[in-house]
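Report on the following structure.
Every chain is numbered from 1, with letters handed out A, B, ... down the list of sequences.
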Amino acid sequence: MAFWRRNTHIEKERHVKANARDYNDKFSYADNRIKTSKYNIFTFLPINLFEQFQRVANAYFLVLLILQVIPEISSLSWFTTIVPLVLVLVITAVKDATDDYFRHKSDQQVNNRQSQVLIRGSLQNEKWMNVRVGDIIRLENNQFVAADILLLCSSEPYGLCYIETAELDGETNLKVRQALTVTSDLKDITKLMDFDGEVICEPPNNKLDKFTGTLYWRDNKYPLDNEKMLLRGCVLRNTEWCFGMVIFAGLQTKLMQNCGRTTFKRTSIDKLMNTLVLWIFAFLICMGVILAIGNTIWVSWIGRNFQVFLPGEEFQSNAVFSGFLTFWSYIIILNTVVPISLYVSVEVLRLGHSYFINWDQKMFCRQTNTAAEARTTTLNEELGQVEFIFSDKTGTLTQNIMVFSKCSINGQTYGDVYNEFDEKVEITEKTACVDFSFNPLCDKAFKFYDGSLIEAIKLEDLAVQEFFRLLALCHTVMPEEKSEGHLVYLAQSPDEGALVTAARNFGFVFRARTPETITLCEMGRAVTYQLLAILDFNNVRKRMSVIVRNPQGQIKLYCKGADTIIFDRLDPSSEALMYTTSEHLNEFAGEGLRTLALAYKDLDEDDFEVWMKKLLFASTVIENREDQLAVLYEEIEQGLKLLGATAIEDKLQEGVPETIACLNLADIKIWVLTGDKLETAMNIGYSCNMLRDDMNEVFVISGHTLLEVQQQLRSAKEHILGLSRVSSVGDVEKTDMFADDSVFEEAIIAEYALVINGHSLAHALEPQLEHILLDLACLCKTVICCRVTPLQKAQVVELVKRHKRAVTLAIGDGANDVSMIKTAHIGVGISGQEGMQAVLASDYSFAQFRYLQRLLLVHGRWSYFRMCNFLCYFFYKNFAFTLVHFWYGFFCGFSAQTVYDQWFITLFNIVYTSLPVLAMGLFDQDVNDQNSLRYPSLYKPGQQNLLFNKRQFFLCTLQGMGTSFLLFFIPYGAFSVMVKEDGSHFSDQQTFAVTIATTLVIVVSVQIGLDKHYWTAVNHLFIWGSLTVYFAILFAMQSNGIFGIFPSNFPFVGTARNCLSEKSVWLVILLTTVVCVVPGLVVSFLRVDLFPTLTDKVRHLQQSRKKEGPQEQNLRRVRRTSSRRSAYAFSHQQGYGELITSGKNMKMSTVSSAGSPGRTPHSSTWIENMLKRKNEVSCTSDESGNRAKQTPKQQVRA
Amino acid sequence: GEINKTDQHQYYNEWIFGLEKGSKRIAAMMATSYNAKEEDGHHSGASSHGAAGVVKSKKPDNTAFKQQRLPAWQPILTAGTVLPAFFVIGLIFIPIGIGLYVSSNNIKEFEIDYTGVDISNPCYSCAKNFSWNSTTPCVCSMNFTLEQPFESNVFMYYGLSNFYQNHRRYVKSRDDSQLNGDQSALKNPSKECEPYRTSDGLPIAPCGAIANSLFNDTLELYHIDSNNTRNTIPLVKKGIAWWTDKHVKFRNPGENLTAAFQGTNKPVNWRKPVYELDPSDPDNNGFINEDFIVWMRTAALPTFRKLYRIIQKKSNTTPTLPSGKYVLEITYNYPVLSFDGRKRMILSTISWMGGKNPFLGIAYITVGSICFFLGVVLLIIHHKYDTRSNSADIPN
C-alpha cells in the first residue's frame, strides 16, 4: 500500500463528477476495494522473512550462524543454531500466514458485498470493490453504506434519511441527513442519469463530523456539509431507499482513515525481557572478553610451547589475534544464554493462555451466545498487572436497557412484590410476572411483577388511569404498526420507550399519531386526542408537556419531568401528596432507579386561547425566540396537580457492583469515562457502589474556564491533603517530610470521589493542569468523567499511562471507546452488542462487564504468575546449561572447546527441556480460580511487579551460575583420577560430556519439579517423557548403528554405554543433583515457612480444605447502600417535539391525509433549527478536540 | 408449536436487545458488524429464525483441560515434607560417603614422576638431550620401592600433566571416518587434520594432531628380588581399551595391513608406520592398536592418566606385586619438558567403585552431614518462628 501511495501526488482538492467515470479516472482516486492483508502467495516468503529478520533476536541468530561458518572461529557446527532458528522462523511464519489468511477472508467478504450502482442508465448489482468515485449508488433500508457518499435523494419527503452511526461514533440513536433541495427531486433513474453535478471538496481525512465541499450543477453553486453525507459504516434506517454519489471510496473513506494501524502493544514483561536480553548480551561479551584475554595469556605462556604437539597455524602465532578469534568462538558457544527458544516459548505460552481465555465457560454469555475472546495473543500476562481500569458506562456497566420497574400513583407505590407475610421478596427470574393477556396489544417482552397495579387499573381507579394516560400521551415516540396489533415504538430515548411501553401494557396503548392528533387505545377503546401543543424538553427545563383536547372537549396539560422541577410548579392542593411521593422518590432513588414526576393540569378554554395566540406570535419572532417560548411555557406549566412518579431502572449489567467491589479489593482503580450527563453518570456511580453516601466528599468539577477548573481542582486537593494533615495532628513536620504525593497517597484513609465534566476536563487536561488533575484523581477512590468525547477518553488514559508507571485497561462497547481501547495498555471490548468497532479494536472481548473480574483475577493472575515462573526458570536453566563452558575454558586453554556433545547443545533447549517448562508455563496454578476470586488481594503482587523483576532475574541467573559451577566442578573433582571398574581410564572428554549433560538434564528436571505447583498428568508426562527421550536419544546417537552410517557426525559412539554403566558416574550425578538443588530448596522453604506470602497462606488453606472435603463457599454479596440521590430519567435530545408537530417525520401518506397548510411556514424552520443546534454541538466538540490535539505539540515545544 | 417456538425465540431476543427498539433494528443489529459474517440482507439474526431455527451454541466445551481443572497433585513445601527429606538425604549420604572413603583408602596406589626435571632424576639427561631425529632410543631406569604388596590385579598408567589434550583445535584434529577404516577417508583425510593431513604429498594415516602426538615412551617394570636379580614383570597390553572403541569405533581399512596402508604416510612424529605399532601381536596393529586407541580417547582435563598395561594376578597365594624394590625402565621418546609437562607412571589396584578417588567419599560425607545439620537447623527455626500454624490472618 505504502508503495503506490508514495507515487500519487498529495491531493489538495477533490473533483468528482457524477456519472462520469472517465472524468474521475483521471485523478486515480482509490477504488472501493479494501485491503488489510499484508501478503499474497508470492510475496509471503520474502516479505515475511525480511520482517522476521528485522527482529533483533532473529538477526542475532543469523549473525551467529554466519560466524559459525567461518572455520577459524567455528566452535560449534552450523546445525546447533540453524535447527532452532529454522524452527522459530517456521512457527512464526505459519502464525503470520494464518493471520493473513483470515484478513484476506474478511477483506473478501467486505469487498464482495453487493450494492446497486447506476451504470449506463440502469441499476446494476456490483460488488463493493467495483464501486468507484463518482458513481451513483442506491441504498436500501438496513444496508451498510458502501462508501462515503453524498446524499442525493431518498424515499422520504424532503430528501430526509435516517442513519445509525454506531460503527462510527457509538451513538445508537438515529440521525437525520437531508439532501440538497435541488437534488431531492431526482427521484427516478432517468433524472439521476442526467445528473452531472461536480463536487469539489476537501481531500480525504479522518474527521468524522466535518465535511466541506461545493456542488456545481447547472451553473449554480451549492455548499455541502456533513449533514448531506452518508459515511461508510453507517446503516440506513427507517428509509426505504436513497441515492447517493460516491465521494470517497475504499481506503480513503473516513471510516478507513480512522482505522489507523493499531500500534503494536507490548507488555511490560516484554520490555523488561528486552532490557534483560541486552544485559545478558553485555554479560556475554564480558565473558567473551575474559576468556579471550585468558586465551591470549595462555597462548603466550603455554600454547606457544605446546606447539610440539599442537602447532599453531601461522596467523595464530600472534597471541592477541588468537584471543580475538577466541572471543568470537566463545560468543558462539555461549550464545545459548540468550536462548532463541525463549521468544518462541513465550509466544507459545501466550497463545496457550489466550486459548484458555477463549475456552473459559465461566466467561461465556448464554444470552448472546458469545464466548470470551483473546484477540491479541501477546498481552496475557499484563492482565495480571492492571492498576487502572477505564470503563465506559453505557453498554458496559449498564445494559442500555431501561425497564419500567416501579411507580408511585397518588401516594401508593407499585412494583414491589410481597409474600404472604408482607415481607418484600427479591425479584428473581422465577418470580411470577403479571399476566397481560387481557390486553391484545401488549408487548410480550414487558415484565412487571406487582399484580396490585393491574387490579387498580381494572377497578378503574381514576388516578391510575390518568397516570398511564399521561405516559401514553406525553412523549415524542413514533409508533409503527406493520400489521394489525403488531406495534413497534421508535423511541428517541430508551427511557421514554420504557414508559410508553409500560402504558401500553397497562391498557393505554399509544397507537398512532398525526401532527395534530394522538390516538390511544384505552382499555380496548380507541380514543383520539387532539394535540394542541408540545412543550418540548430541554436541558434547562428538564421537563416536557403536551396540551391535548380529549374527546370530551376538555383541554389538559400533561407534564413529566424532574421531581424538583415539577414540585416547584405544583398546585397547593397537591402538597400532601407531594410529601408522600417525595418519600417514594427517595426510596426509588435509593435503589438506583431513575425517576420522573408526573403531573397534569386542566386548562381553561379561554386562557388557553390567549396563551396559544401568544405562543404563535412568539414562534414567528426571529430574535430570542427560544427565550420567549421558554417564558411562555413557564407561564402555563404552573399550578400542576401531581399524579405520581415513575421509576425506571437503567439496568446494570449483571454483577457490576460485585465486580467493582472485588476489583477494588484487588487495588485496581476504576475510572468511569462516559459521554452521559453528570446526573446519569453519578446515578450509575451510586448504583455501582462506586459512589457511596459514606464517602467523605464527592468533588464535582464543572468549571467552564481554565481558571475556574484550576481553582476547583486546587481546593479539592487542598481539602483532601488538609484534612489528612489535620487528622494526623502532632506530626505536621512528618507530613511535610512526605511532601511527595505518591508516598502520601498511601496515608489517606478517607474516601473521596471526583466527578468531572467534559468541558472542565478539556481544561484540566492541558499541560499546566494535568498534574494536579492526576494527583487529585489518584487521591480519590472513584473518578467519574462525564460528557467526555472519545478523544478525551484517550487523553485521560494517555495521561495516566504517561505519568504513572502503571498498567491501564480500557473497557468499552462502542465506537466511541475505540480511541481509549487503543490507547490503553490493554483494551477490552464488550461483544455481543450492537457495534463491533470496539471489539475489533480491542485486545480482549467478552459479553459482560462482570467477566472482567475473572479475566483479571484468574486468567491475568495465572498468566502473570506462569510467565514469571517460566522466565525465572528459563533463565536459570540456560545459565546453568551455558556457563559450564565458561568454567571449562579455564581448563582447556581457553580454546572454546565445548563441554557437551554438539547434538546435546542443539537439542537441549528444543527437545530435552522445552516441554516440561512449557507445561509449567501453561498449566501451573498456585491458587485455584475460586480462591483467586475469593482473595482479590492475591492480585497485588502482579501490580507491584514482584514475581519477575530485575532482582528476581538476578537471583535466578545467580542460581543458574551456581548450578553451572557445581555442575562443572563436582565432576571435575571426581574425574581427575577416575577409572572404570575394569581399570581402563575414564577421565576422557566424552565421558565427562555425557556425565555433565546427564546431570544437567536431571538437575533442571528436579528443579522444575520443585518450582512447579500443579502437577497434572501432562506435567508428569512431559517431565518423565523428557527424561526418557533424553536417554533414548543419547543411546540412539551413541549407538553402533548410527555411527556406522555417519562416523564423523556421531563420534560419541559407545560413550553412554561405558559411562552410564559405572556406579561411580551415578554417584557423581546423585551428588551433583543434590548439591545443586538443596540450596534453592532451603531458601524457598525458609521463605515459605518464615515469611509466607498471602499466596502461600491461601495455598495452605486450599490444601487443608481439600483434605476436609468440599465446603460451601458463600460468595460475598455487595449490598447497595441506600443513597438519597435521584437522577431523573431523560436522555433526550431537544427538537423532536417540533419534528412531530411539523409532521416532517410522518410518512407521506399520513401527512397528506392530515396535512395542514397553515403550519408549513412555521415548520420550515425546524430543520434549520435542529441542524443549527447540531452544528453548534459538533463545532464545540471539534474545537475542544482540536485544542486537545494540540496539547502534546505544545508540550514538546515547551 | 413450531410457530410458537420461533415467536418465543424472537421475543427473547427482543428482551435482550431492549424493549424499546424496533424489531427491524433488532434484526439488523444482531449482525451489525463491520466485518459482517453474512452478506448484506442475510442477517444472522434473521437466519436464526429461519428453518434451521437453532443457533449453534458457541459455548466452550466443558472439559477439565479447557476449563483448567485437570486433576493435579499440588505439593507445597511444608516442614512435614522438607525436613524429613533433609534427614533422609543425610542418612543416605553419610554411609555412602564412608563406604566410598574406606574403599578408596584401601586402594593401593603408587606414583612416580620420571620427567627428568631435576638433575638428580635418572631421566634428566634423556629429557635434556631429546631430539626428534635421534635414531638411538634413550633409556633410563628409575628405582623405587613398594612398601606394601599389591594384592589383586594391578593397573599401570602413564600420567601426563599440563598436556592440553582438550584443546579445541587438538580435539577436532582427527578423522573418525578414516579411523573407522573408510577407504576414501584414508586416501583423502578430513580437512580437520591440518596440518597433519598430508606429508610428502601422501595422506597421513592416521591423520591429525592427536595421532601425531601419540605417547610413545616404553615402560618396563622389573622386580628386584632378594638376590638382586631383575625379574621382568609381565605386562599385558591387551584389554586396556574400551570394547566399543576397539570393535566399533576403530577399524582397519583392510585385512592385509601393509597393502591397506599402501599409499599413505606415517604421522610426522612417528618412527614406525601404524601397521607396525606392535611387532609382537599382528592383531594389535593398525588403527586397532590398543595403545593407539587409548591415546585417541582424548582426556577431559590437562592433567590425566591413561591405562598403559595390566599386571595380572597369577595365583592366590602370592601378591601380584609383592613389597620390595622395583626398577622402572623407560625408553624415553616423548618430550614434555618444552611445555613444562610432566610424565608419571602410576601403579594402582581398583575396587568396586573404580580407582582411588578420595574426592567422592569426602564429598558425600560432607554433603550428607550438611544436609543433616540443615535439617536440624531448619527444625529449630521452624519450631521457634512458625508463623503459619493458623491461617486465620488471611485478609478476606
(message) If I compare all heavy atoms of Trp1015(A) with all of Pro75(B), which pair ends up nearest, and what's the gap?
(response) CD1-CD, 3.5 Å

(request) Examine distances only and state if a side-chain atom of Asn166(B) and a backbone atom of Phe891(A) form a donor-acceptor pair shorter than 3.5 Å. (result) yes

(message) I'd like to know if the side chain of Asn1058(A) pairs up with that of Thr244(B) as donor and acceptor (distance under 3.5 Å, no hydrogens or angles considered).
(response) yes

(message) Between Val1018(A) and chain B, with a heavy-atom cut-off of 4.5 Å, which part of the residue counts as in contact: side chain, backbone, both or neither?
(response) side chain

(request) Heavy atoms only, distances under 4.5 angstrom: which of Val294(B), Thr349(B), Ile240(B), Val336(B) has the most pairs with chain A? Name it, please. (result) Val294(B)

(message) Using heavy-atom distances under 4.5 Å, tell me whether Thr898(A) contacts chain B through its side chain, its backbone, both, or neither.
(response) neither

(request) Decide yes or no for Asp340(B) and Ile302(A): does some side-chain heavy atom of the first lie under 4.5 Å from some side-chain heavy atom of the second? (result) no

(message) Testing the basics here: between Ala72(B) and Thr1016(A), what is the closest heavy-atom pair and its distance to 0.1 Å?
(response) CB-CG2, 3.8 Å

(message) Suppose we call two aromatic rings close when their centres sit under 6.0 Å apart. Are Phe65(B) and Phe923(A) close by that rule?
(response) yes

(request) Start with the C-alpha gap between Tyr1014(A) and Trp73(B), add the side-chain angles, then the distance that decides, and say whether ring pair (Phe, Tyr, Trp, His ring centres under 6.0 Å) holds. (result) CA-CA 6 Å; Tyr1014(A) 197 75; Trp73(B) 174 51; over 10 Å; no

(request) Check the side chains of Gln165(B) and Gln989(A) for a donor-acceptor pair under 3.5 angstrom, ignoring hydrogens and angles. (result) no

(message) Within the structure provided, determine whether Asp929(A) and Gln68(B) are in side-chain contact (heavy-atom separation under 4.5 Å).
(response) no

(request) Check whether any side-chain heavy atom of Ile381(B) sits under 4.5 Å from a side-chain heavy atom of Phe1085(A), and report yes or no. (result) no

(message) Strictly distance-based, threshold 3.5 Å: is any side-chain N or O of Arg168(B) a donor or acceptor partner for the main-chain N or O of Cys892(A)?
(response) no

(message) Using a 3.5 Å distance criterion without hydrogens, assess whether the side chain of Lys66(B) forms a donor-acceptor pair with backbone atoms of Phe356(A).
(response) no

(request) Look at Leu307(B), Asp175(B), Leu100(B) and state which one has the largest set of heavy-atom pairs under 4.5 Å with chain A. (result) Leu307(B)

(request) Spell out, as yes or no, whether a donor-acceptor pair under 3.5 Å connects the side chain of Ser895(A) to the backbone of His167(B). (result) no

(message) Could you tell me if the side chain of Leu1071(A) sits less than 4.5 Å from the side chain of Leu360(B), heavy atoms only?
(response) yes

(request) With a 4.5 angstrom heavy-atom cut-off, could you sort out which part of Lys191(B) is near chain A: side chain, backbone, both or neither? (result) neither

(request) Return the option, out of Trp243(B), Tyr196(B), Phe163(B), Phe86(B), with the maximum number of heavy-atom pairs under 4.5 Å with chain A. (result) Phe163(B)

(request) Would you mind checking which part of Ile210(B) comes under 4.5 Å of any heavy atom in chain A, side chain (CB onward), backbone (N, CA, C, O), both or neither? (result) neither

(request) Could you tell me whether the side chain of Gln897(A) and the main chain of Val171(B) form a donor-acceptor pair under 3.5 Å? (result) no

(message) If I measure from the heavy atoms of chain B, does Ser115(A) come under 4.5 Å with its side chain, its backbone, both, or neither?
(response) neither

(message) I'd like to know if the side chain of Asn369(A) and the backbone of Lys58(B) have a donor-acceptor N/O pair within less than 3.5 Å.
(response) yes

(message) Between Leu77(B) and Leu1081(A), is there a side-chain heavy-atom distance shorter than 4.5 Å?
(response) yes

(message) Heavy-atom cut-off 4.5 Å, strictly under: side chain, backbone, both or neither for Val367(B) against chain A?
(response) side chain

(message) Does any part of the side chain of Trp301(A), heavy atoms only, come nearer than 4.5 Å to the side chain of Phe339(B), both counted from C-beta?
(response) no

(message) Exactly one of Gln1102(A), Gln1103(A), His1013(A) should register a side chain to side chain contact (heavy atoms under 4.5 Å, CB included) with Ile76(B). Which one does?
(response) Gln1103(A)

(message) Please confirm whether the ring centroid of Phe309(A) lies under 6.0 Å from the ring centroid of Tyr164(B).
(response) no

(request) Could you look at Pro302(B) and say if it's the side chain, the backbone, both or neither that has a heavy atom under 4.5 Å from chain A? (result) both

(request) Output yes when a side-chain donor or acceptor of Asn357(B) lies under 3.5 Å from a complementary backbone atom of Ala974(A), and no otherwise. (result) yes

